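Everything on this sheet refers to the single structure shown next.
Naming: A, B, ... by sequence-line order, numbering from 1 per chain. Keep in mind that what you see is a predicted model, and the values were worked out from it rather than measured.
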Amino acid sequence: MANFLFPDRLTARFAAPDDAGTPSHSGHPSSPRESRHFIQQIIDDDLKTGRVTGDVVVRFPPEPNGYPHIGHAKAIVLNFSLAKEYGGRCHLRFDDTNPETEDMEYVRAMKRDIRWLGYEWGENEFYASDYFEQLYDLAERLIEEGLAYVDSQTGEEIRATRGTVTEAGTESPYRNRTVQENLDLFRGMRAGQFNDGEHVLRARIDMASPNMLMRDPVIYRIKKASHYRRGDEWPIYPLYDFAHPLSDAIEGITHSLCTLEFDVHRPLYDWLVEHLFEDPRPHQYESARLNLDYTVMSKRKLLQLVREGRVAGWDDPRMPTLSGMRRRGYTPAAIRRFCELIGVAKADNRVDVALLEYAVRDDLNDKARRVMCVLDPLKVVLTNFPDGKSEMLHAGYWPHDIGHEGARQVPLTREIVIERSDFMMDPPSRFHRLSPGAEVRLRHAYIIRCDDVITDDEGQVTELRCSVDYDTRSGSDSSKKVKGTVHWVSASEGIETTVRLYDRLFNVPNPDDVEEGQSFVDHLNPDSLREVTAVIEPSTADDEPETWYQFERQGYFYLDPVAFEEGKRVWNRTVTLRDSWGKQQEPAAPAKPKGQKQAVPAQPAEPLDPMAELDEEEHSMAIELQTLYALSPEDAAFLATRDDERVFFKEAAAASNTPVAIANWLIHELRPLLSQEQMETPPTTAQHFAALVALHADGTLSSRMAREVLEEMIASGEGPDTIVERKGMRQVSDEEALSGVVDEVLSNHPDRVEAYRGGKKGLIGFFMGQVMQKTDGSANPQVVRALLQERLD
RNA sequence: UGCCCUAUAGCUCAAUUGGCAGAGCGCCUGACUCUGGAUCAGGAGGUUCCAGGUUCGAAUCCUGGUAGGGCAACCA
């Protein structure tokens, strides 16, 4: 694989380790405050509450069995920028526990690409395979504690007895071997006394768990294969579910971030770490993986594309691999920016390629010099330009709005080429490029007029004859204006060069979404690579391979390093410019009819009967609650199906004469504050609870205050009176007293008052909030609302 | 069919944790321009999945649904 020839030079030129991981543009996501994604919120909270006291330590844990792609980049950027943000560290750990697929080649590729992205892990380079000894010892400890056993069933037997998603599994006949027996067997495994598949080590958890991963998962298997780092030292290898959490714990990782599909593994992660390590211990959090339009991301599928020759290799510029993107001309800064733009969340997503392209253009805009290159040449003869003359024109490399200096000379000759698409025989209105009789400016040169069109026998345009207006030389103060400017290159002094025009690899947004009997390769875009012979201006003749240019009016291009090494000059189109003209030409995609994206099934016309789902016993219970306490069917059904809540309710109802309010507060306020276990033995008494509800009912406390008191009651176990007394809480319902606050709020925000009167009625909530804040939540909201409405309407 | 996760603008995400539903990208219009780019100015676009409920007030809390995704390798 002779593809990776320039990583270091590229890094030197474009990677920016200094600002790596910090937003390079201010004000992206939203909100006046910088908005924090859920992982940041968790870490903030851990730091605030002291759950994490030392450094924040995260890790990026690739398996070295494939080339890293843009999906890995998302994880790399997330982890390394988190480490930077919190002043902690990010470990690079190779999760190399499967000897059959892993290779040093992939380790090298991974390290090279992470560095290229602009991140450095320093001394924190680790390998799960370095922990084999420790992991083995931990497995023995598990055995000693009766938490693991050697199972001698075959693979098929293990699979068959695991049960299904709806049925529990059955326990292995070997599940109750003695500790000594297990230890002997496991040591025998380690010593190489058995063949592949003869035994495995299983965690002893629960064959009936609703989570299949907890049904005695296999944690060690015999595999007499040579490991790329440990050679033949080990006949047994730990599995991911065992090695990963424990490697995290060994390294002192605080936050272990992974993708959504691992959320089912979290109970096992916790089980292992809790049994084998002391606090503080690592915690796993999951976020959504990246899906990108018009490409595939799975290593298996990328490998298939390479193997079947659908692409030129792992670093084919159409591939979503980092090596492919690098060779295409994408920059580390652009990829980092993209990864920041897509955010971190738990909802499955599919990201529009336009966002990636935006990030690339935005970065290249002030990094790539402008030159002219004609991709589809049409010959133009300047009839009033002397034959044999070559006029050197001064041409700035940068547009005015980019503050960079630099220019080159561009030769103008009698024969030039322009873009075929810049001429139209019969142009629509709004087309302001060349057509018979029309005028256009040659970029950096003169205005020309098309006097004659030469066509061949088939009517194909083969040549244009134009005349130059010598008063309009670029930079002169000619007053003549034309609408259009076109790029051009001297036909005699321009250089022929190969340009590769890349387009999306697949022609559907989600190639994985295939019909029966089809495969994702059926969606391959046959035009994803178009190679043309272009004419480029001579100033580029000596450029070295890490050169980016913007070919004016075309896009950004990058001199392919692989072809260069083979002695060829090939320009890869990194990304086109945004093209509003091309869009106008295509019929605009019809706007999706409203409501189509999520067809909401018609709901039954009448509300569902809350009693409908109850069994016979629950049903009669609910009826009883309704007749006895006058509860609504909803509340009655809720209590009928929940024993702990019902017991608490009856006790509280007995201590008061407002059962409906008791049920209401129990269901909507108390219950959400408690866990299932707390509900069994509530941290507050039914009598206290009833007293609180009474305080609300008689107007002493507003609902907001009552909620606050309730939280306090749960935390301290005190009665409501004690808390109310201590805090001096009392709802204020006096209109006169509240009028003052209301008037103050309104006069503090004249603009909002005006907006409200102008129709922005939602602002009532803002005013309410202000008043509640000023009164420390003690204002009677009904009264406040009435006062506000009175003043505003 | 069991368990878990998720649902806010076309896309990706916010919403100070119960108080004005916003941003970036994309799209449209206009201005400017020697890149139909960039830039600048403006605009459209919302049943916050649905139905009930609690609350003065719900995207946010409660109940019940719906849809999408994940989980039954001795892979990671």
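Spacing between atom CD1 of I342(A) and atom P of U12(B) amounts to 11 Å, rounded to whole angstrom units. The CG atom of L670(A) sits 16 Å away from the P atom of U55(B) (whole-angstrom rounding). In this structure, E708(A) places its CD atom 20 Å from P of C61(B), rounding to the nearest Å. In this structure, the CG atom of L341(A) is 11 Å from the P atom of G24(B), given to the nearest Å. Q782(A) places its CD atom 5 Å from the P atom of C56(B), with the value rounded to the nearest Å. Residue L701(A) contributes atom CG, which lies 16 Å from atom P of U55(B) at whole-angstrom precision. In this entry the distance linking CZ of R266(A) with P of U6(B) reads 9 Å, nearest Å. To the nearest angstrom, C1' of U12(B) lies 14 Å from CD1 of I70(A).
Using P as the reference atom, G18(B) and C62(B) are 11 Å apart when rounded to the nearest Å. The C1' atoms of U6(B) and U12(B) are separated by 15 Å, rounded to the nearest whole Å. Nucleotides A58(B) and C49(B), compared at atom C1', are 16 Å apart to the nearest Å. Comparing C3(B) with G65(B), their P atoms are spaced 12 Å from each other, to the whole Å. Distance noted for atom C1' between U63(B) and G69(B): 24 Å (whole Å). Here, C50(B) and U60(B) have their P atoms 10 Å apart, quoted to the whole Å. Spacing between G43(B) and A51(B) at atom C1', rounded to whole Å, works out to 35 Å. For C32(B) and G46(B), the P atoms lie 32 Å apart once the distance is rounded to whole Å.
Within a 6.0 Å radius of CZ in R671(A), other residues, nucleotides and ligands contribute more than 12 heavy atoms. Other residues, nucleotides and ligands place more than 12 heavy atoms under 6.0 Å from the CD atom of E261(A).
The phosphate of C13(B) has OP1 or OP2 within less than 4.0 Å of a side-chain N or O from N349(A). Checking the phosphate oxygens (OP1, OP2) of U55(B), no side-chain nitrogen or oxygen of R704(A) falls inside 4.0 Å. Regarding contacts with the backbone of C62(B), every side-chain N or O of R671(A) stays at 4.0 angstrom or more from both OP1 and OP2. Checking the phosphate oxygens (OP1, OP2) of C27(B), a side-chain nitrogen or oxygen of R578(A) falls inside 4.0 Å. Listed pair Q41(A) / U16(B) fails the phosphate criterion, with no side-chain N or O lying under 4.0 Å from OP1 or OP2.
Centroid-to-centroid, the aromatic rings of Y127(A) and F94(A) come within less than 6.0 Å. For H244(A) and Y240(A), the ring centers sit closer than 6.0 Å to each other. Ring centers of Y220(A) and F186(A): under 6.0 Å apart, within the cut-off.
Residues V200(A) and D151(A) are in side-chain contact: their nearest non-hydrogen atoms beyond the backbone lie under 4.5 Å apart. Put simply, the side chain of R361(A) reaches to within 4.5 Å of the side chain of T576(A), judged on heavy atoms. Side-chain atoms of V351(A) and F338(A), non-hydrogen and from C-beta on, do get closer than 4.5 Å to each other. Looking only at side-chain heavy atoms (C-beta outward), P99(A) and W234(A) stay at 4.5 Å or farther from each other.
Within the 4.0 angstrom heavy-atom criterion, no nucleotide atom of any strand lies near R202(A). Backbone-only contact: V344(A) has heavy atoms under 4.0 Å from sugar-phosphate atoms and none from a base. Within the 4.0 angstrom heavy-atom criterion, no nucleotide atom of any strand lies near E286(A). Contact annotation for M372(A): no contact, since no heavy-atom pair falls under 4.0 Å across all strands. The residue R370(A) sits close to a base: some heavy atom pair falls under 4.0 Å. Residue K483(A) is out of contact with every strand shown, counting any heavy-atom pair closer than 4.0 Å. Within the 4.0 angstrom heavy-atom criterion, base atoms lie near K760(A). Within 4.0 Å of R707(A), counting heavy atoms only, lies at least one base atom of the nucleic acid. Among the protein residues, H487(A) comes within range of no part of the nucleic acid, since none of its heavy atoms lies under 4.0 Å from any strand. Residue contacts shown for G475(A) include a base, since a base heavy atom lies under 4.0 Å away.
Between the side chain of R433(A) and the base of G36(B), at least one donor-acceptor pair of N or O atoms lies under 3.5 Å.
The side chain of S703(A) sits closest to U55(B) out of U63(B), U55(B), G37(B). Side chain of E669(A), nearest nucleotide from U54(B), G36(B), C25(B): U54(B). The side chain of P672(A) approaches C61(B) more closely than any other nucleotide in the set C13(B), C25(B), C61(B). Checked against C13(B), U35(B), U63(B), the side chain of E552(A) finds its nearest nucleotide in U35(B). Between G57(B), C27(B), U33(B), one nucleotide has an atom nearer to the side chain of H400(A) than all others, and that is U33(B).
Each of H37(A) and T472(A) was assigned the nucleotide of RNA chain B with the nearest heavy atom; the assignment lying further toward the 5' end belongs to H37(A). In this structure, R350(A) and I764(A) both approach RNA chain B, and ranking their closest nucleotides by distance from the 5' end singles out R350(A).
For the residue pair T101(A)/E63(A), the side-chain donor-acceptor check at 3.5 Å is satisfied.
U8(B) takes the anti form, because its glycosidic angle lies more than 90° either side of 0. For A73(B), the glycosidic angle deviates from 0 by 90° or less, giving a syn base.
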| query | Would H487(A) and Q554(A) satisfy side chain to side chain donor-acceptor pair (under 3.5 Å), going step by step from the backbone distance to the final call? | reply | CA-CA 10 Å; H487(A) 59 278; Q554(A) 303 278 4; 3.2 Å; yes

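Under a 4.0 Å N-O distance rule, the pair D44(A)/R36(A) qualifies as a salt bridge. Residues K346(A) and D263(A) are not paired through a salt bridge, judged by the lack of any N-O separation under 4.0 Å between the basic side chain and the carboxylate.
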| query | In B/S/- notation, 5' to 3', how is nucleotides 69-76 of chain B contacted by protein heavy atoms closer than 4.0 Å? | reply | SSBBSBSB

| task | Report the secondary structure of RNA chain B in dot-bracket form, marking unpaired bases with a dot and bases paired to a different strand with |, and treating Watson-Crick or G-U pairs with both distances under 3.5 Å as paired. | result | .((((((..((((.....[..)))).(((((.......))))).....(((((..]....))))))))))).....

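For residues 760-771 of chain A, the salt bridge (charged side-chain N to carboxylate O under 4.0 Å, His left out) pairs, not counting sequence neighbours, are K761(A)-D793(A).
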